[in-house]
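Structure record follows, encoded as structure tokens.
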Amino acid sequence: MSTALTFSEYGAPEVLRPTEVPRPQPGPGQVRIKVEAASVNPLDLKIRSGLMAKAAPVDFPMIPGLDAAGVVDAVGQGADAAVGDEVLGATVGGGYSEYALLEQPVAKPAALSWEVAASLVTVGRAAHRVLDQLGVEAGHTLLVHGAAGSVGFIAVQLAVARGATVIGTVGERDIERVTARGATAVRYGDGWAERVRAAAPEGVDLVFDASGAGVLADSVALAGDAARVITIADLSARQYGVRFSPGTADRGGKALAELVRRAADGRLTVPVPRTYPLAEAARAHADLEAHRVRGKAVLLP
């Protein structure tokens with residue numbers, strides 16, 4: 001048996017409770033890890049609260065957590081890892097636990113902390129995926145909404161590395177942080193579209209909405225075509241002819257391996273300002289919902 005954080009009903013963070021559960025057994029291609037760090041993603045909060053109940057109902061009790069990093073202690077048939085390896089990846093059956101299953105694990109370099117390793121998976125893949133879907137390359141001007149958020153901040157850095165000119169909408173307190181990563185930071189809120197036009201007088205080629213802040217209509221106008229806009233956060237996308245890119249689209253290891261290399265050698269920064277003991281997952285959710293955490297929150301079993 002092992003301890004996990006589970007919820008048996010939708011609701012406030014307090015529905016998350018420590019529970020004794022059997023240690024999961026790895027299937028073909030899977031590994032079981034002793035969890036060293038588990039990432040808390042915005043999607044975890046939406047699932048727990050019930051906001052995703054219609055689109056993606058869950059079976060109770062549920063162990064949340066999409067990403068984890070740890071030490072392999074059991075392997076399934078054909079798994080690309082061995083007992084004792086330090087790995088990270090997407091979980092199967094949840095990550096808020098002392099033990100978790102990973103599919104297609106990626107080796108964790110010694111230079112990468114456990115906290116950053118766990119934080120890279122879902123948000124890094126989302127950023128990488130959407131940049132590929134938009135076809136971002138050198139010479140493009142890309143607008144990133146939510147450029148200081150966990151996905152947007154990675155997208156900014158990856159797009160700059162591709163040679164794109166990047167404009168990011170951010171809050172006042174994040175202007176310096178995003179600018180330091182090579183983007184032109186523009187304050188969001190009333191008048192943001194005019195400020196973007198001023199920052200990019202030759203126009204915007206592509207738009208990545210990682211904010212879900214009701215920016216799609218003006219984004220389409222800026223890009224000149226709904227096909228040049230993708231959102232991962234605004235469920236009204238179809239209303240504007242915009243593509244919604246779901247997080248379930250990529251659980252493979254190729255993009256993650258690239259992200260890991262970049263983070264390990266310092267070419268990619270993933271801020272992890274807060275860590276919490278596993279038992280305090282409810283507090284981590286509450287702090288994220290209250291915007292008391294900037295960047296990633298990570299649970300440490």
Side-chain angles (χ1 to χ4, degrees), residues 42 122-247 249-250 255 259 262 267-271 291 294-295:
T122 293
V123 295
R125 282 173 168 165
H128 194 283
R129 177 186 75 246
V130 174
L131 295 183
D132 282 352
Q133 290 170 340
L134 286 169
V136 175
E137 57 187 32
H140 282 146
T141 296
L142 171 71
L143 170 62
V144 178
H145 290 295
S150 54
V151 175
F153 195 62
I154 293 176
V156 164
Q157 295 174 76
L158 295 179
V160 168
R162 294 185 183 196
T165 297
V166 181
I167 298 169
T169 61
V170 298
E172 190 73 37
R173 66 180 183 175
D174 290 313
I175 289 176
E176 184 176 344
R177 184 162 69 96
V178 170
T179 300
R181 295 299 158 190
T184 298
V186 170
R187 183 172 51 82
Y188 63 62
D190 291 345
W192 70 264
E194 288 72 21
R195 289 189 286 276
V196 168
R197 289 187 178 96
E202 296 184 4
V204 169
D205 299 305
L206 303 162
V207 182
F208 179 177
D209 172 34
S211 72
V215 295
L216 295 185
D218 284 335
S219 293
V220 171
L222 283 166
D225 187 340
R228 298 176 181 173
V229 182
I230 292 180
T231 182
I232 61 169
D234 194 330
L235 296 178
S236 70
R238 183 179 297 180
Q239 175 182 340
Y240 302 97
V242 169
R243 179 175 179 179
F244 182 86
S245 182
D250 51 355
L259 293 162
R262 287 183 172 276
R267 290 177 293 157
L268 178 65
T269 298
V270 183
H291 304 291
R294 299 166 66 192

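Basis for what follows: all heavy atoms, side chains included, without hydrogens, waters or symmetry-related copies.
- Judged purely by atom type and a 3.5 angstrom limit, Glu137 has no side-chain atom pairing as donor or acceptor with the backbone of Ala164.
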Inset, instruction - Apply the test side chain to side chain contact (heavy atoms under 4.5 Å, CB included) to residues Leu222 and Val196: give CA-CA distance (whole Å), side-chain angles for both, the deciding distance (0.1 Å), then the verdict. - result: CA-CA 9 Å; Leu222 283 166; Val196 168; 4.1 Å; yes
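- With Arg195 contributing its side chain and Arg187 its backbone, the two residues share a donor-acceptor pair below 3.5 Å.
- The minimum heavy-atom distance between Ala233 and Gly212, with the atom names listed, is CB-N, 3.4 Å.
- The minimum heavy-atom distance linking Arg228 with Leu134 is given by the pair O-CD2, 3.5 Å.
- Closest heavy-atom contact between Asp209 and Ala213: OD1-N, 4.5 Å.
- Of the possible donor and acceptor atoms, none in the side chain of Ser236 sits under 3.5 Å from a partner among the backbone N and O of Gln239.
- Using a 4.5 Å cut-off on side-chain heavy atoms (C-beta onward), Thr184 and Val166 make no contact.
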Check the pair Phe208, Ile230 against side chain to side chain contact (heavy atoms under 4.5 Å, CB included), reporting the backbone distance first and the verdict last. CA-CA 5 Å; Phe208 179 177; Ile230 292 180; 5.5 Å; no
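- When only modelled atom types and interatomic distance are considered, His140 and Thr165 share no side-chain donor-acceptor pair under 3.5 Å.
- With contacts defined as side-chain heavy-atom distances shorter than 4.5 Å, the pair Ile154/Val151 does not qualify.
- Across all their heavy atoms, Ala210 and Ile232 have their closest contact at CA-CG1, 3.9 Å.
- We find the CG-CG distance between Leu206 and Leu131 to be 9.5 Å, quoted to the nearest 0.5 Å.
- Taking 4.0 Å as the cut-off between side-chain N and carboxylate O, Arg125 and Asp132 do not count as a salt-bridged pair.
- Counting heavy atoms from C-beta outward, Leu158 and Leu259 have side chains that approach closer than 4.5 Å.
- Arg267 CZ to Gln157 CD: the interatomic distance, rounded to the nearest 0.5 Å, is 11.5 Å.
- Counting only heavy atoms from C-beta outward, the side chains of Trp192 and Asp218 approach each other to under 4.5 Å.
- Taken to the nearest 0.5 Å, the CD1 atom of Ile175 stands 11.0 Å off from the OG1 atom of Thr169.
- With Arg162 contributing its side chain and Val136 its backbone, the two residues share a donor-acceptor pair below 3.5 Å.
- A cation-pi contact, defined as under 6.0 Å to the ring centre and within 45° of the axis, is absent between Arg181 and Phe153.
- With a 4.5 Å cut-off on side-chain heavy atoms, Leu142 and Ile167 do not count as touching.
- When all heavy atoms are compared, the tightest approach of Pro201 to Ala198 is CD-O, 3.6 Å.
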### Task
Could you go through the side-chain hydrogen bond (donor to acceptor under 3.5 Å, both in side chains) check for Arg129 and Ser245 one step at a time?
CA-CA 9 Å; Arg129 177 186 75 246; Ser245 182; 2.8 Å; yes
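- Taking all atoms of both residues into account, the shortest heavy-atom contact from Val207 to Val204 is CG2-CG1, 3.9 Å.
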